[in-house]
2 protein chains.
Amino acid sequence: MVKTEPGRCNLTALRKATRRVSQLYDQVLATSGLRGTQRAILVHIRRSGAPTMGELAAALVLDRTALNHNLKPLERDGLLTITVDKNDRRSRLVRLTKRGEARLDESQAAWRGAQERFETAFGAKQAADLRQTLERIAALEFGERAADLPA
Amino acid sequence: MVKTEPGRCNLTALRKATRRVSQLYDQVLATSGLRGTQRAILVHIRRSGAPTMGELAAALVLDRTALNHNLKPLERDGLLTITVDKNDRRSRLVRLTKRGEARLDESQAAWRGAQERFETAFGAKQAADLRQTLERIAALEFGERAADLPA
DNA sequence: TCCAAGTACCTGCATATGCATCTATTGCCA
DNA sequence: TGGCAATAGATGCATATGCAGGTACTTGGA
């Protein structure tokens, strides 16, 4: 027997599954004019009210600059606004517009359809368990990188 | 209790976990000059010998065009070659160069380090189980999209 | 043989993601 | 109070990912 038969790389396995599921969700969501990531962003904003970009990025396990880029098309399309925080002019507050709320509501049925298709194929309970596992991973601390260690 | 407390979206959970793990692997792999995805591509080529782009894309659960884009930097850096298949001039055969093999070998230690850090934090057995689950997801069939149904 | 389908890939465009680097503000403290 | 470290974003560059649409090649008949 050869050494590495099935994939042993944890990242590769995650990416492959994510691509597959993205394909499903993005295809189903396409009718609503939102991508999966975009919808996730809008959902978080609605839950938080008016989060700063940093808060939003942390909640989504997304680099600040990546979030910055991702917000651009949404702001351009009038789904959200980014305003200076009066209390700390370095911060930006992100808010949904009426249009953003409406778009989110419109995407609800499609999202549910994608969820159902995924859970029908994969199993509802397995999906719930998996989400919990994945949330745990998203919150993992892997220790500091050498460069961050004190001198 | 409010309705949606923890994230219910399967895609969002997958993306968040993948981002987190990507950060770890890409940070550790950085010293070898390869990204996680690039390494996964090179590994698959080495296992297959001289796959066509289509075979490679299928193996990686990656859109053909996405693979096409991903191969560009690797070809540019001389890590692989893309040649016309003599037997079917529509196809392209992808092969590692000496340099590509070397780069892959050099990245081995870093990759193992990332694996260890992940599995130390998450659990080795849990990781093995998760990979199996994720492979199953990557291979799922969600049924046809309406547009593909026969008339 | 010749052409219509079908297959495999390529290009251009748009979003997704993160790093290095830069700018604007705030806070701390000598 | 003057100035510098720390904080929060913003920009530019590079890769990651997929869709729409275009090109090159093969194949199965008429």
Side-chain angles (χ1 to χ4, degrees), chain A residues 11-12 14-16 18-27 29-31 33-41 51-58 60-77 79 82-94 145 147, chain B residues 11-12 14-31 33-41 51-58 60-77 79 82-94 145 147:
Chain A
L11 175 57
T12 300
L14 270 167
R15 276 189 188 278
K16 285 168 63 174
T18 299
R19 283 183 205 120
R20 186 78 195 83
V21 177
S22 282
Q23 286 161 11
L24 170 66
Y25 278 69
D26 283 344
Q27 177 226 315
L29 277 175
T31 58
L34 285 179
R35 305 288 192 79
T37 299
Q38 297 182 322
R39 187 170 185 285
I41 291 173
T52 64
M53 296 190 57
E55 289 166 358
L56 208 49
L60 293 163
V61 192
L62 197 54
D63 186 276
R64 286 161 187 278
T65 70
L67 175 64
N68 195 316
H69 293 312
N70 289 349
L71 292 184
K72 291 290 172 61
L74 298 170
E75 183 184 29
R76 179 201 60 202
D77 295 345
L79 304 184
I82 303 175
T83 58
V84 172
D85 182 347
K86 295 292 182 185
N87 295 346
D88 186 339
R89 300 180 57 76
R90 289 171 302 183
S91 294
R92 303 288 182 272
L93 300 178
V94 187
R145 53 184 88 182
Chain B
L11 175 58
T12 300
L14 270 166
R15 277 189 186 279
K16 285 168 62 173
T18 298
R19 283 184 205 118
R20 186 77 196 83
V21 177
S22 283
Q23 286 161 13
L24 170 65
Y25 278 69
D26 283 343
Q27 175 227 315
V28 174
L29 277 175
T31 59
L34 286 178
R35 305 285 193 80
T37 299
Q38 298 182 321
R39 189 172 183 283
I41 291 174
T52 64
M53 295 191 54
E55 289 166 357
L56 208 50
L60 292 163
V61 192
L62 197 53
D63 187 277
R64 286 163 187 277
T65 70
L67 175 64
N68 195 319
H69 292 314
N70 290 349
L71 291 184
K72 291 289 173 62
L74 297 171
E75 184 184 28
R76 179 203 60 202
D77 295 346
L79 304 184
I82 304 175
T83 58
V84 171
D85 182 348
K86 296 291 182 184
N87 295 346
D88 186 339
R89 300 181 59 75
R90 290 170 300 181
S91 295
R92 301 289 182 273
L93 300 178
V94 187
R145 53 185 88 182

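Worth saying up front: this structure is predicted, and the values here are computed from it rather than measured. Reminder, nothing fancy here: chain letters follow the sequence lines and each chain counts from 1.
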Legend entry - d(OH, A:Tyr25; C1', C:dA16) in whole Å: 18 Å
Inset, instruction - Rounded to the nearest angstrom, tell me the gap between atom CG in B:Leu67 and atom P in C:dC9. - result: 9 Å
Inset, instruction - List the atom of A:Arg15, the atom of B:Asp26, and the distance in Å for their closest heavy-atom pair. - result: NH2-OD2, 4.2 Å
Inset, instruction - Could you tell me whether A:Leu62 contacts a base, only the sugar-phosphate backbone, or nothing, with contacts defined as non-hydrogen atoms closer than 4.0 Å? - result: sugar-phosphate
Inset, instruction - Determine whether A:Ile41 and A:Leu67 make a side-chain contact, defined as any pair of heavy atoms from C-beta on separated by less than 4.5 Å. - result: yes
Legend entry - First of B:Arg92 and A:Arg19 reached from the 5' end of DNA chain D, by closest nucleotide: A:Arg19
Short heteroatom pairs, N/O only, protein and nucleotides 11-15 of chain C, under 3.5 Å:
residue, atom, partner, partner atom, Å
C:dG12, O6, B:His69, NE2, 2.9
C:dT15, OP1, A:Arg76, NH1, 3.3
C:dT15, OP1, A:Arg76, NH2, 2.7

Legend entry - Separation of C:dA16 C1' from B:Asp26 CG (nearest whole Å): 13 Å
Inset, instruction - Let me know the distance between CE of A:Met53 and C1' of D:dT7, rounded to the nearest Å. - result: 14 Å
Inset, instruction - Would you indicate what B:Thr52 reaches in the nucleic acid, counting non-hydrogen atoms under 4.0 angstrom: base, sugar-phosphate, or nothing? - result: sugar-phosphate
Inset, instruction - Whole angstrom is fine here: how far is it from CG in A:Leu29 over to P in D:dG18? - result: 15 Å
Legend entry - A:Leu71 side chain reached by A:Met53 side chain, heavy atoms, under 4.5 Å: yes
Listing time: all N or O pairs from protein to nucleotides 5-7 of chain C that are below 3.5 Å?
residue, atom, partner, partner atom, Å
C:dG6, N2, B:Arg90, NH1, 2.9
C:dT7, O4', B:Arg90, NH1, 3.2
C:dT7, O2, B:Arg90, NH1, 3.3

Legend entry - Protein-nucleotide distance (A:Ile41, atom CD1; C:dT17, atom C1'), rounded to Å: 11 Å
Inset, instruction - Starting at atom CD of B:Gln27, determine the distance to atom C1' of C:dT17, rounded to an integer number of angstrom. - result: 16 Å
Inset, instruction - Could you verify whether a donor N or O on one side chain and an acceptor N or O on the other, from A:Thr52 and A:Ser91, lie under 3.5 Å apart? - result: no
Legend entry - Validation row: A:Asp85, A:Arg92 side chains within 4.5 angstrom (heavy atoms): no
Inset, instruction - Answer yes or no: does a side-chain N or O of B:Arg15 lie under 4.0 Å from OP1 or OP2 of C:dT17? - result: yes
Inset, instruction - Output yes when a side-chain donor or acceptor of A:Asp77 lies under 3.5 Å from a complementary backbone atom of A:Leu79, and no otherwise. - result: no
Legend entry - First encountered from the 5' end of DNA chain C, between B:Glu55 and A:Ala66: B:Glu55
Legend entry - Nearest-0.5 Å distance, CG of residue A:Leu74 to CZ of residue A:Arg39: 13.0 Å
Legend entry - Donor-acceptor contact present, side-chain B:Arg19 to main-chain A:Leu60, <3.5 Å: yes
Inset, instruction - Could you grab the distance from atom OG1 of B:Thr37 to atom NZ of A:Lys16, nearest 0.5 Å is fine? - result: 12.0 Å
Legend entry - Distance, rounded to the nearest Å, where B:Arg20 contributes CZ and C:dT17 contributes C1': 15 Å
Inset, instruction - Specify the residue among A:Asp63 and A:Asp85 whose closest nucleotide of DNA chain C lies further upstream toward the 5′ end. - result: A:Asp63
